[in-house]
Amino acid sequence: MIDIHNHILPCLDDGADSPAVSLRMARIAVSDGIRVIVATPHINGLYSVDPENILYEVDRLNLLLRQEDVPLKVLPGADIHVDSRLVDAVKNGEVMTVNNNRRYIMLELPDYGIPRHMSDFLWEMRMNGITPVLTHPERNAAIQDDINILQGFIMQGALSQITAMSLTGEFGRKPKRCAVALLKHDLAHVIATDAHSTRRRPPVLSRALRVAGDIVGDDQALRMVTEIPENIINGADVGVPEPRSRKVRFFERLLSRS
Ligand SMILES: [Fe+2]
């Protein structure tokens, strides 16, 4: 499996706080069946890591993994907040894309609300050949209340990544219900751990894979942690199901709120 969202790099953000923790996270991931991790340190108001620094830390961690015989490959990435200057930053190589491919970026939604002019922002990205993968939409309060908001973004060409622990319930009832609703409406394309540590949010995908399999079928669930993230890493086109064309009905919205 591939985990496309993971804060495994040490001492860059609120993820792993030492190389020893990174190594322990890597061992947990490998024992869960993960073979590739995209390291995605936060790029936001609190943390800012330039691409050279991320590449340097990725090289150092891969070296440590080889020395310790841990069969895991770590690739560069970033978990980026919406910023009006982001398109230029991607084009100029000032911010790290998924596997440095300049085609896909991991774009973090806030927990509350939708950034102003989000639709214009997505349109500008797509016009410049950049596909955003919206991270953990199921943890956003506005989308929990109305998943049609996310449907609109996906119709504009964005992809979405849900969090493994949302599906398994550790983020609480609302994120779980929303994640399940997104799967049922083909509004989720990738499952990732967003791991930050060995205990509170470990790099484990297998339990969420089983939950997703019960909703979308085992084959499609497996694609969400293998083929689809692999295509994203390679900067290739991603064959994902069209979102359901109809709007989500009122009573379903009510149910997803409770
Ligand atoms: Fe993250």
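Whatever order the structure lists ligands and atoms in, that order sets their numbers, starting from 1. What you see is a predicted model, and the numbers here were worked out from it, not measured in a lab.
For the pair Asp237 and Arg103, the salt-bridge criterion is met [side-chain N within less than 4.0 Å of a carboxylate O]. Using a cutoff of 4.0 Å between basic side-chain nitrogens and carboxylate oxygens, Asp194 and Arg139 are scored as salt-bridged. Using a 4.0 Å cut-off between charged nitrogen and carboxylate oxygen, Glu138 and Lys176 do not count as a salt-bridge pair.
Within Asp79, the N, O or S atom lying nearest to the Fe ion (ligand 1) carries the name OD2. Looking at Asp194, its N, O or S atom nearest to the Fe ion (ligand 1) turns out to be OD1.
Distances from the Fe ion (ligand 1) show that Glu108 has no N/O/S atom below 2.8 Å. Among the backbone and side-chain atoms of His7, an N, O or S atom lies under 2.8 Å from the Fe ion (ligand 1). At least one N/O/S atom of His5, from backbone or side chain, sits under 2.8 Å from the Fe ion (ligand 1).
A side-chain N or O of Asp146 and one of Asn148 form a donor-acceptor pair less than 3.5 Å apart.
Every residue meeting the side chain to side chain contact (heavy atoms under 4.5 Å, CB included) condition with Leu55, not counting sequence neighbours, appears here in chain and number order: Pro76, Met96, Asn100.
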